[in-house]
Amino acid sequence: DGEIYGWSGIRGQGKRNRYAGGGELAIPLASADSAIGQVDAKIAARYDFYDDASSVGGASTYQVGLTWKPIDALMFRASRATSFRAPDMHVMFAERSSSYTSATDFLTCVQTEGIKAGESWQGCGEKYGTGSIRQYSEGDPNLREETGYTNSIGMVAQLGKHHSFTLDGFRIYLEDQVGVIGAYTVVQYASECQLGFDAAGQTIDINSPKCQEMLSRVTRNNKGRVTSAITSPFNTGMRQQDGFDFTWNSKYEGTAYGDF
């Protein structure tokens, strides 16, 4: 006959002024009727400044590009661009909020079951659940800005009247990307740091910045049971993506059945 009450909410406030300025310059290096064909360069620069309670400040970014058209139907291109992004305001200035969740206590599982590095942790979730634990989240004005670069090289070709394609290879690199991970993952990372190895059997350095961050986010009581975890945003580290983009276009106009 009892009643259950609960609440959870997210509040926050902050102020930010952003200033930016930039310019772009297109430079023709060789005309289409030259011995090597048409060559063009593009140079762009930008400066951003964030005036807020964080330590982000400002940064300069640039973009350089080069295109070469030996013939009208074929073009080669290459570019490099740097990037800078301040953390979003909601991940910096959100006030503390809380909710309840659950996780798996891998530390207790591995120690109790005597699991060695390289052996499976698969059964831990069945016997070593944390039960209901408190999950806290709040903004962090000390988050660092995301920086990175993008390199690309490729070609554009026209094949007759009806077909064309583009092919580009690229690398995208990001440093200090801001992310949020759940309580389950935070507890797992903290457990791996204390054990000295992860679920795949790889060695983990407890003194690494990542371990120090994860260990500070998990609270255990005097019996060693997990009671809470902090899932606030943090700078997750480096991310790199390599790949290719390919597009094919075919176009037919004025056919008996319409345009395609």
Side-chain angles (χ1 to χ4, degrees), residues 7-28 40-67 77-99 135-154 166 168-183 185-186 189 208-214 216-217 229-245 247:
W7 64 272
S8 180
I10 300 175
R11 300 186 306 172
Q13 61 180 351
K15 181 180 179 181
R16 168 183 285 173
N17 292 316
R18 180 184 178 185
Y19 308 93
E24 184 175 326
L25 186 63
I27 307 172
D40 296 292
K42 184 176 73 172
I43 302 173
R46 178 186 174 99
Y47 182 78
D48 290 88
F49 182 80
Y50 292 84
D51 181 13
D52 56 25
S54 73
S55 59
V56 171
S60 299
T61 54
Y62 68 87
Q63 179 180 5
V64 293
L66 187 69
T67 60
R77 57 191 180 186
S79 67
R80 176 180 174 86
T82 60
S83 62
F84 165 83
R85 179 186 176 188
D88 295 334
M89 292 185 69
H90 73 273
V91 300
M92 297 180 64
F93 302 118
E95 296 178 6
R96 172 166 283 204
S97 62
S98 67
S99 59
Q135 174 177 265
Y136 295 101
S137 181
E138 63 184 326
D140 184 358
N142 296 314
L143 288 169
R144 299 182 298 277
E145 65 274 14
E146 297 178 3
T147 58
Y149 64 83
T150 301
N151 294 336
S152 67
I153 185 169
T166 66
D168 294 280
F170 64 86
R171 167 169 290 180
I172 301 172
Y173 179 90
L174 293 176
E175 189 76 36
D176 285 329
Q177 187 175 22
V178 176
V180 179
I181 56 177
T185 306
V186 170
Y189 283 166
S208 67
K210 176 182 176 180
C211 277
Q212 294 303 304
E213 177 70 27
M214 293 300 107
S216 69
R217 289 170 174 258
I230 299 174
T231 61
S232 301
F234 73 108
N235 293 104
T236 59
M238 182 271 287
R239 178 184 178 186
Q240 180 174 303
Q241 181 177 349
D242 300 321
F244 291 91
D245 284 330
T247 62

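All values derive from a computational prediction rather than experimental measurement. Throughout, residue positions are numbered sequentially from 1 according to the sequence presented.
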Smallest separation among heavy atoms of Ala229 and Val186, with atom names: CB-CG1, 4.5 Å
Residues Arg46 and Asp48 bridged, charged N to O under 4.0 Å: yes
Residue from Ile153, Thr67, Asp40, Leu66 passing side chain to side chain contact (heavy atoms under 4.5 Å, CB included) with Arg77: Thr67
Heavy-atom pair with the smallest gap, counting every atom of Pro87 and Val56: CD-CG2, 3.8 Å
Pairwise distance CZ(Arg171) to OG1(Thr150) - rounded to 0.5 angstrom: 11.5 Å
Nearest atoms (heavy-atom pairs only) where Ser83 meets Leu174: OG-CD2, 4.2 Å
Rounded distance [0.5 Å steps], CZ in Arg80 versus CD in Gln63: 11.5 Å
Ser216 vs Ile230 side-chain heavy atoms within contact, under 4.5 Å: no
Distance, nearest 0.5 Å, that separates CZ of Arg18 from CZ of Arg16: 8.5 Å
Test item: Lys15 and Phe93 side chains (from C-beta on) under 4.5 Å apart, heavy atoms: no
Ser97-Ser137 side chain donor-acceptor pair, cut-off 3.5 Å: no
Inter-residue atom distance Asn142.CG - Met92.CE, 0.5 Å rounding: 8.0 Å
Val178 backbone acceptor or donor facing Glu146 side chain under 3.5 Å: yes
Close side-chain approach of Asn235 and Leu143, heavy atoms under 4.5 Å: yes
Step-by-step side chain to side chain contact (heavy atoms under 4.5 Å, CB included) determination, Ile181 to Arg217: CA-CA 11 Å; Ile181 56 177; Arg217 289 170 174 258; 5.9 Å; no
OH/Tyr189: more than 12 non-hydrogen atoms of other groups inside 6.0 Å: no
Distance-only polar pair, side chains of Thr61 and Thr82, donor-acceptor under 3.5 Å: no
Aromatic ring pairing Tyr50/Phe84, orientation class (parallel under 30°, perpendicular over 60°, tilted between): tilted
Trace of the side chain to side chain contact (heavy atoms under 4.5 Å, CB included) decision for Tyr19 with Asp51: CA-CA 8 Å; Tyr19 308 93; Asp51 181 13; 4.1 Å; yes
Separation between CD1 of Ile27 and NZ of Lys42, rounded to the nearest 0.5 Å: 12.0 Å
Heavy-atom donor-acceptor pair, Asp52 side chain to Ser54 backbone, under 3.5 Å: yes
Inter-residue atom distance Asn151.CG - Phe170.CZ, 0.5 Å rounding: 11.5 Å
Thr231 side chain to Tyr136 backbone, donor-acceptor under 3.5 Å: yes
